There are 2 protein chains.
Amino acid sequence: MSANSRLTIAAHALAWIGLYQRQGHEVATSEQIATSANTNPVVIRRLLGELRRAGLVESRRGVGAGWSLARELGSMTLLDVYEAVEPGPLFAMHRTTPDQGCVVGYGIQPAMQGIYEGIEETLRRELARVTLANVLRDVLAASR
Amino acid sequence: MSANSRLTIAAHALAWIGLYQRQGHEVATSEQIATSANTNPVVIRRLLGELRRAGLVESRRGVGAGWSLARELGSMTLLDVYEAVEPGPLFAMHRTTPDQGCVVGYGIQPAMQGIYEGIEETLRRELARVTLANVLRDVLAASR
DNA sequence: GACTGTCGTAACAATTAATGTTGCGACTGC
DNA sequence: GCAGTCGCAACATTAATTGTTACGACAGTC
């Protein structure tokens with residue numbers, strides 16, 4: 001389905017900053033994170049900008065500039081990141097409104113909307129169960 | 001997120017065929033369904049072709065051709081439709097492989113993979129709880 | 001056996017979203 | 001003033017979905 005790796009990259013960036021800070025550094029640059037994620041610094045800045053708006057990270061400018069965590073990794077969940085980074089709903093409706101003169105065309109959107117809402121709520125609950133500290137732990141576990 | 005209405009359109013088509021058959025008709029044409037969904041018949045044929053491969057619908061050719069349900073709506077779940085119609089996983093990995101020389105770059109994909117698998121499993125369970133008969137019922141409820 | 005209506009499928013265009021890239025001004029410590 | 005990095009805009013590239021056209025295959029009917 002989705003050609004959409006935003007959540008993955010955002011988690012990557014947060015784990016990277018968290019580990020880097022754990023190693024005693026103050027801030028991480030978009031350049032460093034981009035190298036680790038094998039992408040362009042601007043892509044990282046865009047993503048981190050959204051995370052900053054959500055209060056998950058902070059940025060400094062000027063010399064010695066860069067990014068740092070605004071909260072402990074253990075207090076951030078994937079749901080926080082997901083909501084900061086994913087704009088729309090999981091499943092989309094028709095791109096053109098269906099025939100309102102047809103019973104099915106008229107009723108399908110409210111029906112699916114209701115169903116999808118319940119499913120998204122469950123997805124949120126699952127995402128909320130995973131903290132970024134869990135993610136970093138799993139990341140480090142893979143290297144042994 | 002996903003600019004992806006495949007599941008919605010597929011459910012629309014199945015509900016339409018189900019209702020049409022309930023009204024005594026043998027088969028529905030892609031033309032009719034496309035009119036209700038306000039899209040092109042070929043789009044419907046493509047989707048229904050995938051549903052046929054999954055054993056949910058059947059098609060006849062020649063004069064009086066069209067589509068019919070292969071099973072009761074009550075025995076089809078949204079999960080059946082989802083699996084027939086959605087190709088990839090819900091969340092994607094990096095589009096280029098991250099820096100394998102970096103601890104995070106090395107461990108992030110297995111870590112996220114494990115997390116995503118659990119979440120997708122939950123999603124599947126939710127989708128499996130909704131039958132297409134439920135969908136049609138909700139559709140008809142909206143018109144009153 | 002020709003005719004008709006619909007599927008089956010390929011080929012291509014159009015649209016949209018995400019991602020990648022370049023450029024440059026803004027900021028801040030030296 | 002200088003250097004390093006963010007902030008952001010503009011544009012290019014890529015990929016997926018959707019829309020469209022075209023035409024052959026098929027199966028009934030006349």
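Quick caveat, the model's predicted, so the values are computed rather than measured. Every chain is numbered from 1, with letters handed out A, B, ... down the list of sequences. Both backbone and side-chain heavy atoms feed into the values below; hydrogens, waters and symmetry mates do not.
The stretch residues 96-118 of chain A participates, sequence neighbours left out, in no salt bridge (Lys or Arg N to Asp or Glu O under 4.0 Å) pair at all. The salt bridge (Lys or Arg N to Asp or Glu O under 4.0 Å) contacts involving residues 7-21 of chain B comprise nothing, where partners must be two or more places apart or lie in separate chains. Counting only residues at least two apart or in different chains, salt bridge (Lys or Arg N to Asp or Glu O under 4.0 Å) contacts with residues 72-85 of chain B comprise B:Arg71-B:Asp80, B:Glu83-B:Arg124. Identified under the side chain to side chain donor-acceptor pair (under 3.5 Å) test for residues 127-137 of chain A, with sequence neighbours left out: A:Glu126-A:Arg129, A:Thr131-A:Asn134.
Following rounding to the nearest Å, B:Arg95 (CZ) and C:dA17 (P) show an atom-to-atom distance of 15 Å. Atom-to-atom, CG of B:Asn4 to P of D:dT17 comes out at 6 Å; the value is rounded to the nearest Å. Between the P atom of D:dA16 and the CD1 atom of B:Ile9 lies a distance of 20 Å, rounded to the nearest Å. One interatomic measurement links the two molecules: CG of B:Leu7 to P of D:dA16, which rounds to 19 Å at whole-angstrom precision. Here D:dA10 presents its C1' atom at 14 Å from CG of A:Asn40, a figure rounded to the nearest Å. The nearest whole Å value for the distance from the NE2 atom in A:His94 to the P atom in D:dT17 is 17 Å.
A heavy atom closer than 4.0 Å to some atom of DNA chain C occurs in B:Val42, B:Arg45, B:Arg46, these being the qualifying members of residues 41-50 of chain B. Non-hydrogen atoms lying under 4.0 Å from DNA chain D are contributed by nothing in residues 23-33 of chain B. Against DNA chain D, the stretch residues 97-111 of chain B makes no heavy-atom approach under 4.0 Å. Remark: A:Arg61, A:Gly62, A:Val63 in residues 56-68 of chain A come within less than 4.0 Å of DNA chain C through at least one heavy atom.
Looking at B:Thr122, its side chain does come within 3.5 Å of a backbone N or O of B:Gly118 through a donor-acceptor pair. A:Glu120 places a side-chain N or O within donor-acceptor distance of the main-chain N or O of A:Leu90, the cut-off being under 3.5 Å.
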Could you go through residues 8-17 of chain B and list every donor-acceptor pair under 3.5 Å that involves a side-chain atom there, pairing it with any protein atom two or more places apart or in another chain?
from, atom 1, to, atom 2, distance (Å)
B:Thr8, OG1, A:Ala92, O, 2.6
B:Thr8, OG1, A:Tyr116, OH, 3.0
B:His12, ND1, A:His94, NE2, 2.8
B:His12, NE2, B:Ser36, OG, 2.8

Using distance only, find each side-chain donor-acceptor pair of residues 40-47 of chain B under 3.5 Å and give its atom names and separation, not counting sequence neighbours.
from, atom 1, to, atom 2, distance (Å)
B:Asn40, OD1, B:Val42, N, 2.9
B:Arg45, NE, B:Ser30, OG, 3.3

Please set out all donor-acceptor pairs under 3.5 angstrom arising from side-chain atoms of residues 55-69 of chain B, sequence neighbours excluded.
from, atom 1, to, atom 2, distance (Å)
B:Ser59, OG, B:Arg52, NH1, 2.7
B:Arg60, NH2, B:Glu26, OE1, 2.7

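Across every non-hydrogen atom of B:Gly105 and B:Ile108, the tightest pair is O-CG2, 3.7 Å. Shown here for A:Ala142 and B:Gly107, the closest heavy-atom pair between the two residues is CB-CA, 3.7 Å. Between A:Val135 and B:Ala111, the shortest heavy-atom contact is O-CB, 4.3 Å.
Dashed line: the shortest gap from a side-chain N or O of B:Arg52 to OP1 or OP2 of C:dG8 is under 4.0 Å. Applying the 4.0 Å criterion to OP1 and OP2 of C:dA18, one finds that A:Ser5 has every side-chain N and O outside that range.
For A:Tyr20, the side-chain hydrogen bond (donor to acceptor under 3.5 Å, both in side chains) criterion is met by A:Gln32, not counting sequence neighbours.
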